[in-house]
2 protein chains.
Amino acid sequence: MAGLRESILRTSLELFEQKGFHGVTVNQIVAASNTSKGGFYHHFQSKDELLFVIHDTFITYVLKEANAANEIHKSPIKKIQSIIKAFVKVFDLYKPHISVFYQESNYLKPEYEEQIKRKRDAFKQMVFQVIEEGQETGDFRKELPMEITGMAILGMVNWIYKWYTPKGKYTIDEIADVYVDIILHALLTTNVVSEENFQAHMLERPFFTEKK
Amino acid sequence: MAGLRESILRTSLELFEQKGFHGVTVNQIVAASNTSKGGFYHHFQSKDELLFVIHDTFITYVLKEANAANEIHKSPIKKIQSIIKAFVKVFDLYKPHISVFYQESNYLKPEYEEQIKRKRDAFKQMVFQVIEEGQETGDFRKELPMEITGMAILGMVNWIYKWYTPKGKYTIDEIADVYVDIILHALLTTNVVSEENFQAHMLERPFFTEKK
DNA sequence: CAATACAGACCAACCAGTCGGTCTCTCAAA
DNA sequence: TTTGAGAGACCGACTGGTTGGTCTGTATTG
């Protein structure tokens, strides 16, 4: 039998996603994991710690991915594409985590909340940073207020957890393509967009464009 | 003394926003509203009904506003602006409602959930509809998949509830201006954007552009 | 023989909802 | 004008069920 701890994490995640953190009792988790109260409390201090662990694994992963994406490229145009693509793809891997994360984050106990908040802020700052860079280099339109634009992007992507399903009409990569396209069209200065070499700025050719 | 029912709604809303639906007991609501268990259950069948009422007043309002915005204009370009502006502004009026709505909507009892879902879907369909129209008239880029684009817009706006505060750096109208600008730049066909009469399509001049 | 991993009966706290009762206001009969 | 009956608004002690968490005991592993 594989690690009980992992098993508890997996099953509780499913349950939380369906019914919410408060809609699931420890007894239900225990039953679904084929274990007992003792088993559960051997691995977790409390139900709240379980919630924290779910939050933390996800946010840690996102932060790491985004950092990597950020470091690979130098130009802000490519940085933002890279970050967005990585960010969107995370929803394919961690959708249940993310759902629980955003639905129940204000039930986190203060001691846990602070740790999560720090990582979340780091991620946000990174996005802001890239936008600012792009405005300084002249790639992004300077008239857009950085904070509002940043939150628009974050919101757009984060909302994916509300509607994305792997069985849906579009794959996560296709969604990422469209999001990158939307954001670039919104951010890039008009002369960059209107030039026919818009494509030259793309990391990859988006799925919805034809090859000539 | 003003209506107790309204008083309960107001105070419970504040409490829910701070601590979440499950973080607040009926006794706390009752205490904060200067009433009693009896008073509460005289006006509401259950705590769940209270949650429903909060959801419903908000979603009903949004739907009404969007419908109005949709009917005033004929061109898709103006329709989408109008809808987005109305939609964004709602966050100024109903932020607590919306926070509770999005955080706790999966705790709604089935009988309530259906009613809410119907109205929410109607709103979503309206946005999809306008995008499709715009693509047919040639104003919006046809290569963007309608569903993904629609969800991107909805996500962008909906996320406002996570960060907007009336005391913030930007007013709700300024945020609305930026969002309209971002979305139009993303949607409009390049020849429409690059034409210097981009401004001609705007319902109003955004706050961040200079008058000449 | 430790030490770790798990089992499951048990408990104390909590919480939504109930229920018998009171207070006040209205309106019509006397 | 007085009375009194009825209805709606509100009170608050109480309850029955649930839930997170504990504790003692047992199996297994090294």
Side-chain angles (χ1 to χ4, degrees), chain A residues 1-56 100-101 103-113 116, chain B residues 1-56 100-101 103-113 116:
Chain A
M1 176 66 66
L4 177 60
R5 186 187 157 96
E6 297 310 313
S7 166
I8 291 175
L9 275 172
R10 256 185 302 116
T11 54
S12 65
L13 206 43
E14 276 178 40
L15 292 173
F16 288 159
E17 196 189 9
Q18 286 169 35
K19 311 186 188 183
F21 182 71
H22 295 279
V24 178
T25 70
V26 174
N27 277 319
Q28 288 173 305
I29 295 171
V30 155
S33 310
N34 279 97
T35 180
S36 62
K37 276 288 185 66
F40 180 91
Y41 282 97
H42 180 70
H43 290 288
F44 298 96
Q45 287 188 22
S46 62
K47 196 186 175 191
D48 292 287
E49 195 200 337
L50 176 59
L51 183 60
F52 167 73
V53 171
I54 291 172
H55 280 47
D56 193 62
V100 175
F101 178 78
Q103 304 261 359
E104 320 287 347
S105 54
N106 57 355
Y107 292 117
L108 265 186
K109 292 277 157 64
E111 66 250 47
Y112 296 130
E113 193 186 352
I116 297 294
Chain B
M1 178 66 64
L4 177 60
R5 187 186 157 94
E6 297 309 314
S7 166
I8 291 175
L9 276 172
R10 256 185 301 116
T11 54
S12 66
L13 206 43
E14 276 179 40
L15 292 173
F16 287 159
E17 197 190 9
Q18 287 170 34
K19 311 186 188 183
F21 182 70
H22 295 280
V24 178
T25 69
V26 174
N27 277 320
Q28 288 174 305
I29 295 171
V30 154
S33 311
N34 280 99
T35 179
S36 62
K37 272 288 183 67
F40 180 91
Y41 282 96
H42 180 71
H43 290 286
F44 297 96
Q45 286 188 24
S46 62
K47 197 186 172 190
D48 292 286
E49 195 200 337
L50 176 59
L51 182 61
F52 168 73
V53 171
I54 290 172
H55 279 45
D56 193 64
V100 175
F101 179 78
Q103 305 261 358
E104 320 287 346
S105 53
N106 56 356
Y107 293 116
L108 264 187
K109 292 276 155 65
E111 67 249 45
Y112 297 129
E113 192 186 351
I116 297 294

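Here the structure is a predicted model, which means the values were calculated and not measured. Quick note on labels: first sequence line is chain A, next is B, and so on, each numbered from 1.
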Say whether, by atom type as modelled, one donor and one acceptor occur between the side chain of Thr11(B) and the main chain of Ile8(B) under 3.5 angstrom. yes
Lys47(B) to Phe21(B), cation-pi by 6.0 Å centre distance and 45° axis angle: yes
To the nearest 0.5 angstrom, please state how far the CG atom of Leu108(A) sits from the CG atom of Asn106(A). 8.5 Å
Please write out each protein N/O paired with an N/O of nucleotides 23-26 of chain C under 3.5 Å, distance rounded to 0.1 Å.
none

Nearest 0.5 angstrom please: Arg10(A) CZ to Glu6(A) CD, how far? 7.5 Å
In residues 29-50 of chain B, which ones come under 4.0 Å of DNA chain C, going by heavy atoms? Lys37(B), Tyr41(B), Ser46(B), Lys47(B)
Would you please test Tyr107(A) and His22(B) for side chain to side chain contact (heavy atoms under 4.5 Å, CB included) and show each step? CA-CA 9 Å; Tyr107(A) 292 117; His22(B) 295 280; 3.8 Å; yes
Got a sec, which residues hit side chain to side chain contact (heavy atoms under 4.5 Å, CB included) with Leu15(B), two or more places apart in sequence or on another chain? Val24(B), Ile29(B), Ala32(B)
Go through the steps to decide whether Lys19(B) and Gln28(B) satisfy the test side chain to side chain contact (heavy atoms under 4.5 Å, CB included), and finish with yes or no. CA-CA 11 Å; Lys19(B) 311 186 188 183; Gln28(B) 288 174 305; 3.7 Å; yes
Mind running side chain to side chain contact (heavy atoms under 4.5 Å, CB included) on Leu4(A) and Asn34(A) for me, showing each step along the way? CA-CA 9 Å; Leu4(A) 177 60; Asn34(A) 279 97; over 6 Å; no
Test your reading of the model: is there a side-chain donor-acceptor pair from Ser33(A) to the backbone of Val30(A), 3.5 Å cut-off? no
Run the numbers on Ser105(A) and Ile116(A) for side chain to side chain contact (heavy atoms under 4.5 Å, CB included), then give the verdict. CA-CA 9 Å; Ser105(A) 54; Ile116(A) 297 294; over 6 Å; no
Are His55(B) and Tyr112(B), when compared by the centres of their aromatic rings, separated by less than 6.0 Å? no
Note: contacts of residues 15-25 of chain B with DNA chain C (heavy atom, under 4.0 Å) are Val24(B), Thr25(B)
List the atom pairs, with distances to 0.1 Å, where a side-chain N or O of residues 39-46 of chain A and a protein N or O form a donor-acceptor pair under 3.5 Å, not counting sequence neighbours.
from	atom 1	to	atom 2	distance (Å)
Ser46(A)	OG	Asp48(A)	N	3.4
Ser46(A)	OG	Glu49(A)	N	3.1

Rounded to whole Å, please give me the gap between CD1 in Ile8(B) and P in dG17(C). 14 Å
Which nucleotide of DNA chain D is the first, and which the last, in the 5' to 3' direction, to come under 4.0 Å of a heavy atom belonging to chain B? dA9(D) to dA13(D)
